[in-house]
*Asks:* 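Sharing a structure, written as structure tokens. Questions coming.
The sequence lines fix the lettering, A, B, ..., with proteins before strands; numbering per chain opens at 1. Only heavy atoms go into these numbers, but all of them, side chains included; no hydrogens, no water, no symmetry mates. Nothing here was measured: the structure is a model prediction, and the numbers come from that model.
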Amino acid sequence: MIKSVLYRFFAFLTKAWPLLSNQFKLLKTKNMAFNKRVKIQELFTQDYVGKEIVLMGWVRTKRSNKNVSFIALNDGSTIKNYQIVADPNQIDEELLKKATTGACLKIKGTVVASQGAGQSTELVASHIEVLGEADAEKYPLQPKKHSLEFLREIAHLRMRTNTFGAVFRVRHALAFAVHKYFNDKGFFYIHTPIITASDAEGAGETFKVTTLDLKNPPLTEDGSINYKEDFFERETNLTVSGQLEGELAAMGLGEIYTFGPTFRAENSNTARHLAEFWMIEPEMAFYDAEDNQNLAEDFLKYVINYALENCQDDLEFLDKRAAEEETSKKADQRSELGLLERLKFVVNNDFERLTYTEAIDILKNSNHNKKKKFQYLVESWGVDLQSEHERYLVEKHFKKPVILTDYPKEIKAFYMRQNDDGKTVAAMDILFPGIGEIVGGSQREERLEKLTQRMEEMHIPTEEMWWYLDTRRFGATPHAGFGLGFERLVQFVTGMGNIRDVIAFPRTPGHAEF
RNA sequence: UCCUCCUUAGCUCAGUUGGUUAGAGCACAUGACUGUUAAUCAUGGGGUCCUAGGUUCAAGCCCUAGAGGGGGAGCCA
């Protein structure tokens, strides 16, 4: 009897073992720390008082007197520093001397309630190990405010500052929120190619991709470069957009998005352009222009709200930072809302939606235009809007994000769906205060004849694009999508004025140092 | 690419009408201080005034050219 029970039990174990062991593995992974240190962030969310722990991090400042040293330590897990108390009777003085600003330390000690006013707990050190010294004479970062321009020149070190720590934690949260939003909505993440052969998007200058010897390239009979001998046996470049491939994917998977690097070789020197940036491009079968607008607005509100809920400390810091910057601006250039107020406002209010035609009317009749305060006066329907006009609409007239729709077809790309009026296309641009265009999108032209006709008008080679046109030949359906510049989103949420300060290692004309 | 402003100590910046030895705060070094919060106080070291040329008895300051950076514009996300 006992034997049979035992036998059954072992039989069960044998069968179930792979499953159980998998469960154990999962449990193990969940609780596994890869080293024994405690992250500073945990010290603010869990009670460690009385416990002996190990911290690792970088010295921000050290304050000393005869009897005691205080080290403000930061490990990047949070913007908050943690106070280390070092008694010179306990810790070797020579060792403490090496704990200069920027040095990396491993500290063993006990968490206690703080005697001082600025923090509720602190770590009384029993052992300090200097993992990496930082020669105070040479280390460029000091416990003071540095200019963003200076920090840009030492981009390899700037993550160690409060500002850039905050920016990159927020950037991460936004990137994560992008994936979460689309995943929760049943969208599929598509990796569109980085190297492409099509130069037909019309989205600007491209970077060439080649393995040919640039000093001595193979030539054809007429003297031009023979790309047949190149790696791909054709001319290739870095992608300027994943949209066209995204459309192909949406025609089978329904709703997809891309989130990848994008390259533009434009000689753009502005606070909102990069040569290498990250773009999010959802593409949806069965969506019309209005569905597209609804998705874009909902998406933007979601990711901004996600940052508000998950990056409170960092955003509060950036809010104060932005407020200080504001004081140095001229009165007429200051924004009415602070950073946090602005983010909450965007999350809680509907975007203003209007057509290009309505926008032109507003601009034409504005006092600003009548008093000739625009550099480019708005006189007739059909002109492209200048950034001063977009800013006027967003910052002065509506004072909220604006979705502009139905632009003249002449100023928009070939793939946008032509409206019945014969003059406009189902485009949409979303304009944000301080940033300008953050989203550009449209319902796509799904009608083969209309699309090929427009391509021919705009001198886009239809033969090369046979694969794109095939989606209109076989099982075509109304569909729509948009592109969102990720760095511009990060700019808006962090309040950083220059796009070069929201990407780790910016690529701009003349700059690829790090 | 165009317009415009800027470049003085490791960092942030002042420097008068062209006139003697170029300044401050922070940082750094030394010292003081019984728990600090970008600690404080005292003392000290630290300069190719972006580069090249020019004007002048004399240039950080004026002129020309170049380099680097900021802001704005275009292109766009």
*Asks:* For B/U7, which nucleotide is its Watson-Crick or G-U wobble mate, given both distances must be under 3.5 Å?
*Replies:*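 Partner of B/U7: B/A67.
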
*Asks:* I'd like the P distance from B/A39 over to B/G45, given in whole Å.
*Replies:*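 Looking at atom P only, B/G45 and B/A39 are 25 Å apart.
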
*Asks:* From B/U37, B/G71, B/U34, pick the nucleotide closest to the side chain of A/N498?
*Replies:*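 Looking only at heavy atoms from C-beta outward on A/N498, the closest nucleotide is B/G71.
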
*Asks:* With a non-hydrogen cut-off below 4.0 angstrom, is A/S387 in contact with a base, only sugar-phosphate, or nothing?
*Replies:*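 Sugar-phosphate contact only - A/S387 comes under 4.0 Å of backbone atoms but never of a base.
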
*Asks:* Using OP1 and OP2 only, check whether a side-chain N or O of A/S268 sits under 4.0 Å from B/U1.
*Replies:*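 For A/S268, the contact criterion (side-chain N or O under 4.0 Å from OP1 or OP2 of B/U1) is not met.
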
*Asks:* Hunt down the Watson-Crick or G-U wobble partner of B/G19, both distances under 3.5 Å, from any strand shown, or write none.
*Replies:*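 Its partner is B/C57.
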
*Asks:* Does one side chain, of A/D298 or A/Y181, offer a donor that lies under 3.5 Å from an acceptor on the other?
*Replies:*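 On atom types as modelled, these side chains qualify, holding a pair under 3.5 Å.
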
*Asks:* Before giving the answer on side chain to side chain donor-acceptor pair (under 3.5 Å), spell out for A/E390 and A/Q386 the whole-Å C-alpha distance, their side-chain angles and the decisive distance to 0.1 Å.
*Replies:* CA-CA 7 Å; A/E390 296 178 351; A/Q386 306 289 320; over 6 Å; no

*Asks:* So which nucleotide does B/C33 pair with, by the Watson-Crick or G-U wobble rule with both distances under 3.5 Å?
*Replies:*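 None - no nucleotide pairs with B/C33, as no candidate has both distances under 3.5 Å.
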
*Asks:* Looking at B/G35, B/G74, B/A39, which one has an atom nearest to any side-chain atom of A/Q83?
*Replies:*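 Closest nucleotide to the A/Q83 side chain: B/G35.
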
*Asks:* Both A/E153 and A/D429 contact RNA chain B. Taking the nearest nucleotide for each, which residue is further toward the 5' end?
*Replies:*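 Result of the comparison: A/E153.
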
*Asks:* For nucleotides B/A29 and B/A67, find the distance between their P atoms and express it as a whole number of Å.
*Replies:*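 Pairwise P distance, B/A29 against B/A67, rounds to 40 Å.
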
*Asks:* Of the nucleotides B/A27, B/U12, B/C33, which has the atom closest to the A/F150 side chain?
*Replies:*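 My answer, after comparing the listed nucleotides, is B/U12.
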
*Asks:* Considering only the P atoms, how many Å lie between B/U56 and B/G69, rounded to the nearest integer?
*Replies:*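 Between the two P atoms, the distance is 35 Å.
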
*Asks:* Send over the distance from A/K62 NZ to B/U40 C1', rounded to a whole Å.
*Replies:*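 Answer to the nearest Å: 16 Å.
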
*Asks:* With nearest nucleotides of RNA chain B determined for A/E437 and A/G497 from heavy-atom distances, which residue corresponds to the more 5′ nucleotide?
*Replies:*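 It is A/G497, whose closest nucleotide lies nearer the 5' terminus.
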
*Asks:* What integer number of Å spans the P atoms of B/G25 and B/A14?
*Replies:*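 Looking at atom P only, B/G25 and B/A14 are 16 Å apart.
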
*Asks:* Does B/U36 have OP1 or OP2 sitting under 4.0 Å from an N or O in the side chain of A/R63?
*Replies:*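 So the side chain of A/R63 is outside the cut-off, no N or O lying under 4.0 Å from OP1 or OP2 of B/U36.
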
*Asks:* Between B/C76 atom C1' and A/R391 atom CZ, what is the distance in whole Å?
*Replies:*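 Roughly 15 Å, once rounded to whole Å.
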
*Asks:* Are any non-hydrogen side-chain atoms of A/L238 and A/I194 less than 4.5 angstrom apart?
*Replies:*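 When only atoms from C-beta onward are counted, A/I194 and A/L238 do touch, with a gap below 4.5 Å.
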
*Asks:* Is there a donor N/O on one and an acceptor N/O on the other, under 3.5 Å, for the side chain of A/R264 and the base of B/A77?
*Replies:*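 Between B/A77 and A/R264, which were checked side chain against base, a qualifying N/O pair under 3.5 Å is present.
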
*Asks:* Compare all side-chain heavy atoms of A/R507 with those of A/F277 and state whether any distance is below 4.5 angstrom.
*Replies:*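 When only atoms from C-beta onward are counted, A/F277 and A/R507 do not touch, as no gap falls below 4.5 Å.
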
*Asks:* Can you tell me how far P of B/A77 sits from CZ of A/F432, to the nearest Å?
*Replies:*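 The answer, rounded to whole Å, is 16 Å.
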
*Asks:* I'd like to know whether A/S114 forms a side chain to side chain donor-acceptor pair (under 3.5 Å) with A/E122, so could you lay out the CA-CA distance, the side-chain angles of the two residues, the decisive distance to 0.1 Å, and finally the verdict.
*Replies:* CA-CA 5 Å; A/S114 177; A/E122 61 197 10; 2.8 Å; yes

*Asks:* Any side-chain N or O of A/N65 under 4.0 Å from OP1/OP2 of B/U34?
*Replies:*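 It does not, given that no N or O in the side chain of A/N65 lies less than 4.0 Å from OP1 or OP2 of B/U34.
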
*Asks:* So does A/Q119 reach the base of B/G35 with its side chain, donor to acceptor, closer than 3.5 Å?
*Replies:*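 Flag unset: no donor-acceptor pair detected.
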
*Asks:* Expressed in whole Å, how much space separates the P atoms belonging to B/G72 and B/U64?
*Replies:*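 Between the two P atoms, the distance is 27 Å.
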
*Asks:* Applying a 4.0 Å non-hydrogen cut-off, can you work out what A/L274 is touching in the nucleic acid: base, sugar-phosphate, or nothing?
*Replies:*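 It contacts base atoms.
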
*Asks:* Just to be sure I understand the rule, does A/N81 reach a base, reach only the sugar-phosphate, or reach nothing, if contact means heavy atoms closer than 4.0 Å?
*Replies:*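 Nothing, no heavy atom under 4.0 Å.
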
*Asks:* With rounding to whole Å, what would you report as the distance between B/A32 and B/U21 at their C1' atoms?
*Replies:*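 Taking atom C1' in both B/A32 and B/U21, they lie 32 Å apart.
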
*Asks:* Give the nucleotide from the list B/C75, B/G70, B/G72 with an atom nearest to the side chain of A/E149.
*Replies:*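 Nearest listed nucleotide: B/G70.
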
*Asks:* Report yes or no: is the cationic atom of A/K51 (NZ for Lys, CZ for Arg) closer than 6.0 Å to the six-membered ring centre of A/Y48, at no more than 45° off its axis?
*Replies:*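 Yes, a cation-pi geometry holds between A/K51 and A/Y48.
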
*Asks:* Assess, by modelled atom type and distance only, whether the side chains of A/T110 and A/E52 contain a donor and an acceptor separated by less than 3.5 Å.
*Replies:*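 No.
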
*Asks:* How long is the line joining CZ of A/F263 and P of B/A77, in whole Å?
*Replies:*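 Going from A/F263 (CZ) to B/A77 (P), I get 16 Å.
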
*Asks:* A/F486 stacking on B/A77: centroids under 5.5 Å, ring planes under 30°?
*Replies:*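 No, the aromatic ring of A/F486 does not stack with the base.
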
*Asks:* Can you tell which of B/U30, B/G70, B/A77 lies closest to the side chain of A/K97?
*Replies:*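 The answer is B/U30, which lies nearest to the side chain.
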
*Asks:* Please report the distance, rounded to the nearest Å, between CG in A/N269 and C1' in B/A67.
*Replies:*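 The answer, rounded to whole Å, is 15 Å.
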
*Asks:* Students often get this wrong, so: under 4.0 angstrom with heavy atoms, is A/E390 touching a base, only sugar-phosphate, or nothing?
*Replies:*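 Counting heavy atoms under 4.0 Å across all strands, no contact is made by A/E390.
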
*Asks:* Does a nitrogen or oxygen in the side chain of A/T61 sit under 4.0 Å from OP1 or OP2 of B/A39?
*Replies:*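 Result: yes.
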
*Asks:* If you go through the side-chain atoms of A/Q115, does one of them form a donor-acceptor pair with the base of B/U34 closer than 3.5 Å?
*Replies:*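 Side chain to base: no pair present.
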
*Asks:* Got a donor-acceptor pair under 3.5 Å from the side chain of A/H146 to the base of B/C11?
*Replies:*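 It does not, because no donor-acceptor pair links the side chain of A/H146 to the base of B/C11 below 3.5 Å.
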
*Asks:* Applying a 4.0 Å non-hydrogen cut-off, can you work out what A/A117 is touching in the nucleic acid: base, sugar-phosphate, or nothing?
*Replies:*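 The residue A/A117 makes base contact.
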
*Asks:* With heavy atoms under 4.0 Å as the rule, sort A/S64 into base, sugar-phosphate or nothing.
*Replies:*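 It contacts base atoms.
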
*Asks:* B/U12 pairs with which nucleotide, Watson-Crick or G-U wobble, both distances below 3.5 Å?
*Replies:*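 In the structure as shown, B/U12 has B/A24 as its Watson-Crick or wobble partner.
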
*Asks:* Out of B/U34, B/G70, B/U36, which nucleotide sits closest to the side chain of A/R500?
*Replies:*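 The listed nucleotide nearest to A/R500's side chain is B/G70.
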
*Asks:* How long is the line joining CD of A/E325 and P of B/U12, in whole Å?
*Replies:*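 Whole-Å distance recorded here is 14 Å.
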
*Asks:* What's the gap between B/A9 and B/G35 when it is taken at their P atoms, as a whole Å value?
*Replies:*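 My reading of the P atoms in B/A9 and B/G35 gives 36 Å.
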
*Asks:* Roughly how many Å is it from CD1 in A/I154 to P in B/U12, rounded to a whole number?
*Replies:*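 Going from A/I154 (CD1) to B/U12 (P), I get 10 Å.
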
*Asks:* Determine the Euclidean distance between corresponding P atoms of B/G15 and B/C50; express it in Å to zero decimal places.
*Replies:*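 Going atom to atom, P in each nucleotide, I get 15 Å.
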
*Asks:* Taking only side-chain nitrogens and oxygens of A/H511, does any of them come within less than 4.0 Å of OP1 or OP2 of B/G69?
*Replies:*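 Yes, within the criterion.
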
*Asks:* Heavy atoms only, 4.0 Å cut-off, all strands: where does A/R60 land among base, sugar-phosphate and nothing?
*Replies:*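 Since no nucleic acid heavy atom lies under 4.0 Å of A/R60, the category is nothing.
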
*Asks:* Is there a donor and acceptor pair, one atom on the side chain of A/Q142 and one on the base of B/G10, closer than 3.5 Å?
*Replies:*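 Yes.
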
*Asks:* Distance to the ring centre below 6.0 angstrom and angle to the axis at most 45 degrees; does that hold for A/K301 and A/Y306?
*Replies:*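 No, a cation-pi geometry is absent between A/K301 and A/Y306.
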
*Asks:* Looking at every strand, decide which applies to A/T101 at a 4.0 Å heavy-atom threshold: base, sugar-phosphate, or nothing.
*Replies:*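 Since no nucleic acid heavy atom lies under 4.0 Å of A/T101, the category is nothing.
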
*Asks:* Using the side-chain heavy atoms of A/N67, tell me which of these nucleotides is nearest: B/U34, B/G35, B/C76.
*Replies:*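 When the side chain of A/N67 is considered, B/U34 is the closest of B/U34, B/G35, B/C76.
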
*Asks:* What's the verdict on side-chain contact (heavy atoms from CB on, under 4.5 Å) for A/W58 and A/L73, showing C-alpha distance, side-chain angles and the deciding distance?
*Replies:* CA-CA 6 Å; A/W58 294 270; A/L73 196 77; 5.8 Å; no

*Asks:* Between B/G74 atom P and A/I411 atom CD1, what is the distance in whole Å?
*Replies:*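 For the pair A/I411 CD1 and B/G74 P, the rounded distance is 13 Å.
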
*Asks:* Could you please name the option among B/U36, B/G25, B/G70 that lies closest to any side-chain atom of A/K144?
*Replies:*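 That would be B/G25.
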
*Asks:* Check every strand shown and say whether A/Q386 touches a base, only sugar-phosphate, or nothing at a heavy-atom separation below 4.0 Å.
*Replies:*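 Result for A/Q386 = sugar-phosphate.
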
*Asks:* Is there a donor-acceptor contact under 3.5 Å from the side chain of A/H179 to the main chain of A/F176?
*Replies:*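 Judged by distance alone, no pair lies under 3.5 Å.
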
